[in-house]
A.B. asks: 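Once you've had a glance at the structure underneath, I'll fire off some questions.
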There are 2 protein chains.
Amino acid sequence: MTNEEVDRIFRALADATRRDIVRRTLTSESSVSDLARDYDMSFAAVQKHVATLEAAGLVTKYPRGRERMVRGNPENLRQVQQLLQHFEDLWRSRVSRLDALLAEDPTP
Amino acid sequence: MTNEEVDRIFRALADATRRDIVRRTLTSESSVSDLARDYDMSFAAVQKHVATLEAAGLVTKYPRGRERMVRGNPENLRQVQQLLQHFEDLWRSRVSRLDALLAEDPTP
DNA sequence: CTGATCTACAACCATTTGGTTGTAGATTAT
DNA sequence: ATAATCTACAACCAAATGGTTGTAGATCAG
């Protein structure tokens, strides 16, 4: 994953409406207009949110008749989780180095 | 965590420079000017990035003489990880429901 | 004391973001 | 065939973002 991709994913998740769309479409897929009905904004606004999520690879869309079905895609969520886990690991390694330092024989 | 807090955290992570600052300060703390030296932008720009991270609770700052030391804070990273794990769980529950459906006796 | 360093913060600017309305193309229903 | 529904996309707007420079307050070094 390039920095730009990671940027896009985090930015896409930095909005409560978009996080809710991801949550919903991970559970069960919905059409764009199904989604739009549940938010207090225009259809076009919801459509843009879905497009942002699609560009970030967090949802996929496929046509069913005149509707576009939106389905959550867990793949990039896992990638992000892995990145955060890496951070967590860095922190733990720092802590254990500090622990080692404290455990050293204090009389060299 | 409120939606606004989550927004702030994801938004703070949606920038490669800020992610790098988090990574570095989780490993070993640095002063703001230490950090600023390593990025191709003004001191003030780096200072703003650190402020954004601090507002998101991803780093903490404390004074050491005339310097401000920046230290990565793993707490909110874990919160975000938990949120992503929740998404992952939702997806898995959907998959197992589909599995259950497929496993149903096809002749009722 | 004086000068250098580190930080904070304001003011400014270009770009992006998140919303709107309006128009037009496809598909479905009557 | 006509009307209704769903989507895509453009144009526009206010606010936020990410950068800049400049100024001023603390702290440290000589």
Side-chain angles (χ1 to χ4, degrees), chain A residues 2-25 28-73, chain B residues 2-25 28-73:
Chain A
T2 69
N3 274 334
E4 283 73 25
E5 289 178 284
V6 180
D7 287 3
R8 240 175 294 143
I9 296 171
F10 276 119
R11 180 167 289 277
L13 289 170
D15 179 283
T17 302
R18 288 196 292 261
R19 283 193 301 276
D20 196 59
I21 292 175
V22 169
R23 190 186 50 71
R24 285 184 55 175
T25 58
S28 67
E29 60 192 39
S30 318
S31 71
V32 179
S33 47
D34 283 344
L35 294 170
R37 264 183 281 277
D38 292 352
Y39 303 105
D40 187 26
M41 63 186 73
S42 69
F43 173 84
V46 175
Q47 201 181 6
K48 278 202 198 178
H49 282 310
V50 172
T52 299
L53 290 169
E54 194 183 17
L58 293 171
V59 304
T60 57
K61 261 187 334 185
Y62 67 95
R64 173 137 84 198
R66 66 185 157 186
E67 294 180 315
R68 303 300 147 122
M69 304 305 291
V70 183
R71 177 191 344 222
N73 175 18
Chain B
T2 68
N3 273 335
E4 283 72 26
E5 289 176 285
V6 179
D7 286 3
R8 241 175 293 142
I9 295 171
F10 276 119
R11 181 167 290 277
L13 289 170
D15 180 284
T17 302
R18 288 197 292 260
R19 283 193 301 276
D20 197 59
I21 291 175
V22 169
R23 191 186 49 72
R24 285 185 55 176
T25 57
S28 68
E29 60 192 39
S30 318
S31 72
V32 178
S33 47
D34 283 343
L35 295 170
R37 263 183 281 277
D38 291 352
Y39 304 104
D40 187 27
M41 64 186 73
S42 68
F43 173 84
V46 174
Q47 201 182 4
K48 277 201 199 180
H49 282 309
V50 172
T52 300
L53 290 169
E54 195 183 17
L58 293 170
V59 304
T60 57
K61 263 187 333 186
Y62 68 94
R64 173 138 83 199
R66 65 185 156 183
E67 294 180 313
R68 303 300 147 125
M69 304 305 292
V70 183
R71 178 189 344 221
N73 175 18

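Proteins come first, then strands; the chains are lettered A, B, ... in the order of their sequence lines, and each starts at number 1.
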A.B. asks: Checking all strands, does B:S33 fall into the base, sugar-phosphate, or nothing category for heavy-atom contacts under 4.0 angstrom?
C.D. replies: sugar-phosphate
A.B. asks: Measure CD/A:E67 against P/C:dT27 and give the value in whole Å, please.
C.D. replies: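 Spelled out: CD on A:E67 to P on C:dT27 is 13 Å.
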A.B. asks: Do B:K61 and B:V70 come within less than 4.5 Å of each other through their side chains, counting heavy atoms only?
C.D. replies: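 Of all side-chain heavy-atom pairs linking B:V70 with B:K61, at least one is under 4.5 Å.
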A.B. asks: With nearest nucleotides of DNA chain C determined for B:A44 and A:A45 from heavy-atom distances, which residue corresponds to the more 5′ nucleotide?
C.D. replies: B:A44
A.B. asks: Please determine whether salt bridge (Lys or Arg N to Asp or Glu O under 4.0 Å) holds for the pair A:D38 and A:R24, giving the CA-CA distance in whole Å, both sets of side-chain angles, and the decisive distance to 0.1 Å.
C.D. replies: CA-CA 11 Å; A:D38 292 352; A:R24 285 184 55 175; 2.7 Å; yes
A.B. asks: Quick check on DNA chain D: between B:D40 and B:R66, whose nearest nucleotide comes earlier from the 5' end?
C.D. replies: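 With B:D40 and B:R66 compared, the 5'-side residue is B:D40.
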A.B. asks: Could you state the atom-to-atom distance from NZ of B:K61 to P of C:dC6 in whole Å?
C.D. replies: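 In whole Å, C:dC6 P and B:K61 NZ are 15 Å from each other.
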A.B. asks: What I'd like to find out is whether the side chain of A:L35 reaches to under 4.5 Å of the side chain of A:T25, using heavy atoms alone.
C.D. replies: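 Yes. Closest side-chain heavy atoms under 4.5 Å.
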A.B. asks: How would you label the contact of B:A51 with the nucleic acid (heavy atoms, under 4.0 Å): base, sugar-phosphate, or nothing?
C.D. replies: nothing
A.B. asks: Determine the contact category for B:R18: base if any of its heavy atoms lies under 4.0 Å from a base atom, sugar-phosphate if only primed atoms, P, OP1 or OP2 are that close, otherwise nothing.
C.D. replies: sugar-phosphate
A.B. asks: Look only at the side chain of A:S33 and the backbone of A:A36, and say whether a donor-acceptor pair between them is shorter than 3.5 Å.
C.D. replies: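 Absent.
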A.B. asks: Strictly below 4.0 Å: does B:R68 bring a side-chain N or O up to OP1 or OP2 of C:dC6?
C.D. replies: no
A.B. asks: What are the bounds, 5' to 3', of the part of DNA chain D that sits under 4.0 Å from heavy atoms of chain A?
C.D. replies: D:dA4 to D:dG18
A.B. asks: Would you say A:R8 places a side-chain N or O within less than 4.0 Å of OP1 or OP2 belonging to C:dT17?
C.D. replies: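 For A:R8, the contact criterion (side-chain N or O under 4.0 Å from OP1 or OP2 of C:dT17) is not met.
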A.B. asks: Is there side-chain contact between B:M41 and B:K48, with heavy atoms separated by less than 4.5 Å?
C.D. replies: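 A side-chain contact under 4.5 Å is absent here.
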A.B. asks: Using a 4.0 Å heavy-atom cut-off across all strands, classify B:T52 as base, sugar-phosphate, or nothing.
C.D. replies: nothing
A.B. asks: Can you tell me how far P of C:dT17 sits from CG of B:D7, to the nearest Å?
C.D. replies: 15 Å
A.B. asks: Pair up each side-chain donor or acceptor in residues 7-22 of chain A with any protein partner under 3.5 Å, not counting sequence neighbours, and list the distances.
C.D. replies:
residue: A:D7; atom: OD1; partner: B:R19; partner atom: NH1; Å: 2.8
residue: A:D7; atom: OD1; partner: B:R19; partner atom: NH2; Å: 2.8
residue: A:R8; atom: NH1; partner: A:A55; partner atom: O; Å: 3.4
residue: A:D15; atom: OD1; partner: A:T17; partner atom: N; Å: 2.9
residue: A:D15; atom: OD1; partner: A:R18; partner atom: N; Å: 3.1
residue: A:R18; atom: NE; partner: A:A12; partner atom: O; Å: 2.8
residue: A:R18; atom: NH1; partner: A:H49; partner atom: ND1; Å: 3.1
residue: A:R18; atom: NH2; partner: A:R11; partner atom: O; Å: 3.2
residue: A:R19; atom: NH1; partner: A:L13; partner atom: O; Å: 2.7
residue: A:R19; atom: NH1; partner: B:D7; partner atom: OD1; Å: 2.8
residue: A:R19; atom: NH2; partner: B:N3; partner atom: O; Å: 3.4
residue: A:R19; atom: NH2; partner: B:N3; partner atom: OD1; Å: 3.4
residue: A:R19; atom: NH2; partner: B:D7; partner atom: OD1; Å: 2.8
residue: A:D20; atom: OD1; partner: A:R23; partner atom: NE; Å: 3.1
residue: A:D20; atom: OD1; partner: A:R23; partner atom: NH2; Å: 2.4
residue: A:D20; atom: OD2; partner: A:Y39; partner atom: OH; Å: 2.6

A.B. asks: For a side-chain contact (heavy atoms from CB on, under 4.5 Å) check, start with the C-alpha distance between A:E29 and A:R64, then their side-chain angles and the critical distance, and finish with the verdict.
C.D. replies: CA-CA 12 Å; A:E29 60 192 39; A:R64 173 137 84 198; 4.1 Å; yes
